[in-house]
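Before any comments, here is the structure.
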Amino acid sequence: MYSEIQEWFSAEARDLPWRRDCSAWGILVSEIMLQQTPVVRVQPVWEEWLERWPAPADFAAAPAAEVLRAWGRLGYPRRALRLHAAAGEIVERHGGAVPDNYEELLSLPGVGTYTAAAVAAFAFGRRTTVVDTNIRRVHARLVIGQALPAPALTAAEMALAADLLPEDTAESVQWNAGVMELGALICTARSPKCGECPVLEQCAWIAAGQPEPTYIPKGQPWAGTDRQVRGAVMAVLRAASSPVHADLLWNAAEAQGHPEVAKELGKLHELNTHAPQLERALAGLVADGLAQLSDAGYQLPA
DNA sequence: GAGGCGTGGTG
DNA sequence: TCACCAAGCCT
């Protein structure tokens, strides 16, 4: 399978900036931004960041509020704060250089098994077992014959990925990148382009007659949740340059057409003269959002 | 180990 | 239209 995927990858791989001549720091930033966020939205922000903060020390010195603003609308802003903390550790414990091995990468905040393996492989050419959602899906179809991988990563999947990894270090790096790209462009979650697949002939899922998924992926609720409130709060704060009053949050939520959010923030507005109740309500509604506000130097009314 | 965490494009 | 989905991590 290696040669077919490699040939396809050489011809079809996307020309992404972090795949060109790029520092380990640039690779790390890209991997964090790409956690659950599509490439098309990451690319312009990544360009901005690398120009503004070309090395970990530059980024570590920036105020948290600026980090969150620069993060823009990539989503999951806690990733930005964790990367900020990681840059601090890189400066303090690694002399300002991104560590070049899996174990030390894994110890950084916001860096899990996937990101540690990916940075070790793509920034430092290490032979590591990279397993992301694309690779899991390709393995599930190509090797196992199932439409989708299990809901959560299993030990068996890790063992399979380790078994498939080429022994040669340089080939292992190309294999990781190629399988991931195949999952992103051809072997997609919905409507895979099997007609363009370089390993169609060897695919266990095709051989089995493309059976349907054996479970139903469960969606994440959004309307009326704390996350929706946090999203509205963060949208206001990104645009603000000074401490934000709760009234402003409510007005903004209403103006943005978020009736559920405005209703919840309206409760806070009514409670504004009763500080203890306000604190309790805020703690229940926007606990993480408040932590981010505090980290970013913002204040809520007393 | 299941659930929480932002955001916007798309079939 | 509205679920689903996008290079996960942490608790």
Side-chain angles (χ1 to χ4, degrees), chain A residues 13-14 16-19 26-46 68 71-83 85-86 105-123 128-138 147-155 157-158 161 173 176-185 187-193 213 215-238 256 258 261 284-292:
Chain A
R14 292 166 292 181
L16 302 171
W18 45 87
R19 283 181 177 163
I27 303 283
L28 175 60
V29 172
S30 79
E31 292 299 344
I32 299 293
M33 287 182 171
L34 287 164
Q35 292 169 1
Q36 304 285 280
T37 302
V39 167
V40 286
R41 229 180 306 162
V42 164
Q43 186 162 339
V45 181
W46 183 90
L68 285 175
W71 190 254
R73 307 185 69 82
L74 291 182
Y76 292 150
R78 59 182 56 185
R79 288 181 294 162
L81 297 176
R82 287 177 182 151
L83 180 57
L105 285 162
L106 188 60
S107 76
L108 296 172
V111 176
T113 55
Y114 161 73
T115 302
V119 173
F122 304 139
T128 60
T129 306
V130 178
V131 178
D132 78 322
T133 188
N134 289 308
I135 290 177
R136 294 184 63 212
R137 190 172 53 250
V138 171
L148 294 174
L153 178 61
T154 65
E157 282 181 88
M158 283 304 298
V173 173
N176 283 325
V179 175
M180 199 178 329
E181 190 77 341
L182 187 68
L185 298 184
C187 198
T188 52
R190 286 181 295 184
S191 317
K193 303 176 177 66
Y215 71 100
I216 299 139
K218 56 177 180 176
Q220 300 173 329
W222 170 253
T225 64
D226 290 3
R227 299 170 73 195
Q228 186 185 24
V229 177
R230 264 191 296 277
V233 168
M234 288 304 296
V236 171
L237 294 172
R238 272 196 301 273
Q256 289 167 7
H258 293 147
V261 177
L285 281 169
V286 292
D288 284 357
L290 276 183
Q292 292 171 354

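Treat the numbers as computed from the prediction; the structure is a model and nothing was measured. Excluded from the calculations below are hydrogen atoms, water molecules and symmetry mates; all remaining heavy atoms, backbone and side chain alike, are included. Per chain, numbering begins at 1; letters A, B, ... match sequence-line order.
Rounded to a whole Å, the CG atom of Leu153(A) is 15 Å from the P atom of dA7(C). Atom CD of Glu31(A) is separated from atom P of dA6(C) by 16 Å (rounded to the nearest Å). Taking atom CG of Leu74(A) as the reference point, atom C1' of dT7(B) lies 9 Å away to the nearest angstrom. Per the geometry, CG belonging to Leu81(A) stands 14 Å off C1' belonging to dC9(C), to the nearest Å. Taking atom CG of Leu34(A) as the reference point, atom C1' of dC5(C) lies 15 Å away to the nearest angstrom. In this structure, Met33(A) atom CE and dG6(B) atom P are separated by 16 Å, rounded to whole Å. Spacing between atom CG of Leu83(A) and atom P of dC10(C) amounts to 12 Å, rounded to whole angstrom units. In this entry the distance linking CH2 of Trp71(A) with P of dC5(B) reads 17 Å, nearest Å.
In this structure the side chain of Met158(A) never reaches within 4.5 angstrom of the side chain of Thr113(A), judged on heavy atoms. The shortest distance between side-chain heavy atoms of Trp71(A) and Arg79(A) falls below 4.5 Å. The closest side-chain heavy-atom distance from Leu105(A) to Thr115(A) is not below 4.5 Å.
Against DNA chain B, the stretch residues 37-45 of chain A makes heavy-atom approaches under 4.0 Å through Thr37(A), Arg41(A).
Nearest nucleotide to the Arg79(A) side chain, out of dG6(B), dA6(C), dC4(C): dG6(B). Ranking dG6(B), dA7(C), dC10(C) by closeness to the Arg78(A) side chain, first place goes to dG6(B).
Heavy atoms of Thr113(A) sit under 4.0 angstrom from primed sugar atoms or phosphate atoms, though from no base atom. Backbone-only contact: Thr133(A) has heavy atoms under 4.0 Å from sugar-phosphate atoms and none from a base. Backbone-only contact: Pro109(A) has heavy atoms under 4.0 Å from sugar-phosphate atoms and none from a base. Within the nucleic acid shown, Ala189(A) comes within 4.0 Å of sugar-phosphate atoms alone, with no base atom in reach, counting heavy atoms only.
A distance of 13.0 Å separates OH in Tyr114(A) from CG in Leu153(A), rounded to the nearest 0.5 Å. To the nearest 0.5 Å, the span separating CZ on Phe122(A) from CG on Leu28(A) amounts to 13.5 Å. Note that the CD atom of Glu181(A) and the CZ atom of Arg19(A) stand 4.0 Å from one another [nearest 0.5 Å].
Residues Gly110(A) and Arg14(A) both approach DNA chain C. Their nearest nucleotides, taken by heavy-atom distance, put Arg14(A) toward the 5′ side. Closest-nucleotide positions on DNA chain B for Ser191(A) and Gly75(A) were compared, and the one nearer the 5' end corresponds to Gly75(A). The residue among Pro221(A) and Arg190(A) whose nearest nucleotide of DNA chain B is located toward the 5' end is Pro221(A).
Phosphate contact (OP1/OP2 of dG8(C), side-chain N/O of Gln36(A), threshold under 4.0 Å): present. In terms of phosphate contacts, Arg19(A) brings no side-chain nitrogen or oxygen within less than 4.0 Å of OP1 or OP2 of dA7(C). For dC9(C), one of the phosphate oxygens OP1 or OP2 lies less than 4.0 angstrom from a side-chain nitrogen or oxygen of Thr115(A).
Side-chain N or O atoms of Thr188(A) include one that pairs as donor or acceptor with a backbone N or O of Arg190(A) at under 3.5 Å. Checking side-chain atoms of Arg136(A) against main-chain N and O of Ala152(A) turns up a donor-acceptor pair under 3.5 Å.
Taking atom P on both dC4(C) and dG3(B), the two are 16 Å apart, rounded to the nearest angstrom. For the P atoms, the distance linking dA2(B) with dA7(C) amounts to 22 Å, nearest Å.
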